[in-house]
Amino acid sequence: MKVTTWNINGVKARLESALAYLRQESPDVICLQEIKSQTEAFPAAVFEELGYQCAIHGQKGFNGVAILSKLPLEEVRTGLPGNDEDMQSRFIEAVISVPSGIVKVASIYAPNGNPVATEKFPYKLGWLERLHAHFRDLLAEEVPFVMAGDYNIIPEPMDAKRPAAWTSDALFQPESRAAYRRMLSDGLTDAIRLCHPGPGVYTFWDYQAGAFQKDDGIRIDHLLLSPQATDRLRAAGVDRFTRGWEKPSDHVPAWVELDV
DNA sequence: ATGGCGCGTCAAACGCGA
């Protein structure tokens, strides 16, 4: 079972790329972020033609997440628990049926948090706390789950080509990094890091300044696995080739392969 | 050394991202 995550930066702008990617790589499940589409406007029919069921949590203009699955998709939940005031569409999860039972999959789009001196940064940290509280509940269920998405966190200096350039950025603040570490110390595994322990593994390159040509990237898209999912982890990777396609997203897909 | 983009909204700039 292959589970992929991809911040596509607009599902309408990226429709041809997304379809090309799915035809080529054929993941069983793909978690999308920044669909920038209302739920009703999501082009579900074209994905269904490729054999995917769609669970969508959109909003007007910004944000928006989705899970597309070739395997039976059940018990869809939208919205991160813990704050009824939060209207931003950044979380969706579903139960996926697999031969050995179930796998829970969440598509998450954590807040960027910039500028740090504004209310955006505490919103980011609060959101991450809510995410942590939610998966702590899931851990108690002792089921395999994958929380995949754009965490907007550079975990370590080795996850940036130029870490010094990010020191004042919300993505690399000590508080952001600490929130990520707490999730790992609480039992989740960073699958990409486990399978690729060295530096130079990036998932995002800015559109500006020829960042991709200079490989001036950062690793901010992550797949965090529960212990039961980690037991089944066969491989993980990043598909950086899509960044070289016409009209690319600034993020590339990252994936895990699980024995299920 | 610096700055260099792109999407969506909406019809010209602007909010937002990272």
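Here is the naming used below: chain letters follow the sequence lines, and residue numbers restart at 1 for every chain.
Note on A:Asn63: nothing from the nucleic acid sits closer than 4.0 angstrom, heavy atoms only. Contact annotation for A:Ala13: backbone-only contact, meaning every heavy-atom pair under 4.0 Å involves sugar-phosphate atoms and none involves a base.
Taking atom P on both nucleotides, B:dG8 is separated from B:dA18 by 14 Å, rounded to a whole Å. Distance check on atom P: B:dC14 versus B:dT2 gives 26 Å, rounded to whole Å.
You'll find that the side chain of A:Tyr207 is closest to B:dC5, out of B:dA18, B:dC7, B:dC5. Proximity note for A:Lys120 (side chain, C-beta onward) versus B:dG17, B:dC5, B:dA18: the nearest is B:dG17. You'll find that the side chain of A:Asn9 is closest to B:dC7, out of B:dG17, B:dC7, B:dA18.
For the contact set between residues 210-222 of chain A and DNA chain B, defined by any heavy atom under 4.0 Å, the members are A:Lys214, A:Ile218, A:Ile220.
Within 6.0 Å of CG on A:Asp259 lie more than 12 heavy atoms contributed by other residues, nucleotides or ligands. For A:Glu246, the CD atom sits in a loose shell: 12 or fewer heavy atoms of surrounding residues, nucleotides or ligands are nearer than 6.0 Å. Few gaps surround CZ on A:Arg136; more than 12 heavy atoms of other groups in view lie less than 6.0 Å from it.
Regarding contacts with the backbone of B:dC7, a side-chain N or O of A:Lys247 is found under 4.0 angstrom from either OP1 or OP2.
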